[in-house]
Participant: 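Structure in structure tokens, see below.
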Amino acid sequence: MVDDEIVIVSLDKGQFFSLKDTGLAIWQKIDGTRDRGALLEELAAEFDASTAELEADLDAFLHQLETADFICRS
């Protein structure tokens with residue numbers, strides 16, 4: 001981690017994401033034990049944003065990670 005930012009890289013696909021702020025917070029919470037609701041709950045406690053805004057950010061970010069094969073949602 002450098003300057004509160006982390007870079008995740010897919011060597012197979014050559015894709016990468018530079019994560020900070022909300023994206024970094026979400027990435028650090030994805031551990032296979034938390035569902036979407038738990039992630040939202042923790043983000044709401046951490047960030048001063050509306051539930052609708054957090055939901056939109058979370059869903060968009062998870063979709064990007066899934067599309068890039070960084071995560072697999074069931």
Side-chain angles (χ1 to χ4, degrees):
M1 186 178 308
V2 177
D3 294 330
D4 297 325
E5 183 176 19
I6 192 169
V7 176
I8 56 174
V9 179
S10 169
L11 297 177
D12 292 338
K13 291 191 170 192
Q15 296 180 336
F16 71 93
F17 283 91
S18 175
L19 308 176
K20 60 183 186 175
D21 302 323
T22 309
L24 178 58
I26 294 168
W27 179 253
Q28 291 173 328
K29 291 170 181 33
I30 296 173
D31 62 2
T33 65
R34 293 174 178 92
D35 63 9
R36 181 180 175 276
L39 290 172
L40 280 171
E41 214 173 276
E42 291 185 31
L43 292 170
E46 191 172 337
F47 293 94
D48 183 26
S50 70
T51 301
E53 186 177 5
L54 289 173
E55 285 180 320
D57 286 352
L58 176 61
D59 291 340
F61 184 66
L62 291 177
H63 178 74
Q64 288 177 330
L65 290 177
E66 187 174 28
T67 300
D69 291 331
F70 283 103
I71 63 169
C72 178
R73 293 195 287 177
S74 51

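Note: hydrogens, waters and symmetry copies are ignored here, and every other heavy atom, side chains too, is used.
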Participant: Using the rule side-chain contact (heavy atoms from CB on, under 4.5 Å), only one of Leu24, Ile26, Leu19 pairs with Thr22; which is it?
Facilitator: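 That would be Ile26.
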Participant: CG/Leu65 to CD/Gln15 distance, rounded to the nearest 0.5 angstrom?
Facilitator: 10.5 Å
Participant: Of all heavy-atom pairs between Val9 and Phe70, which one has the smallest distance, and what is that distance?
Facilitator: C-CE2, 3.7 Å
Participant: Does one hydrophobic cluster hold both Ile8 and Leu11, with members joined at side-chain heavy-atom distances below 4.5 Å?
Facilitator: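 Shared cluster, no.
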Participant: Just how far is it from atom CG of Asp59 to atom CG of Leu40, taken to the nearest 0.5 Å?
Facilitator: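 One finds 7.0 Å between CG of Asp59 and CG of Leu40.
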Participant: Would you indicate whether the side-chain heavy atoms of Lys20 and Asp4 approach each other to under 4.5 Å?
Facilitator: no
Participant: What distance do Glu46 atom CD and Lys29 atom NZ have between them, rounded to the nearest 0.5 Å?
Facilitator: 4.0 Å
Participant: Closest approach of Lys13 and Thr67, non-hydrogen atoms and distance?
Facilitator: NZ-O, 4.1 Å
Participant: Minimum heavy-atom separation for Glu53 to Ala49, with atom names?
Facilitator: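 That would be OE1-CB, 3.6 Å.
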Participant: Could you tell me the separation between the CZ atom of Phe17 and the CZ atom of Phe61, rounded to the nearest 0.5 Å?
Facilitator: 7.0 Å
Participant: Hey, is CZ on Phe47 packed in by over 12 heavy atoms from elsewhere, all under 6.0 Å?
Facilitator: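 Enclosed: over 12 neighbouring heavy atoms sit under 6.0 Å from CZ of Phe47.
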Participant: Answer yes or no: does atom CG of Asp31 have more than 12 heavy-atom neighbours from other residues, nucleotides or ligands under 6.0 Å?
Facilitator: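 More than 12 within 6.0 Å, yes.
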Participant: To the nearest 0.5 Å, tell me how far Ile71 CD1 sits from Gln64 CD.
Facilitator: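 Reported to 0.5 Å precision, the distance equals 10.5 Å.
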Participant: Are the side chains of Asp12 and Asp69 in contact, using a 4.5 Å heavy-atom criterion?
Facilitator: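 SC-SC contact between Asp69 and Asp12 ruled out.
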Participant: I need the Leu43 CG to Glu55 CD distance, nearest 0.5 Å.
Facilitator: 11.0 Å
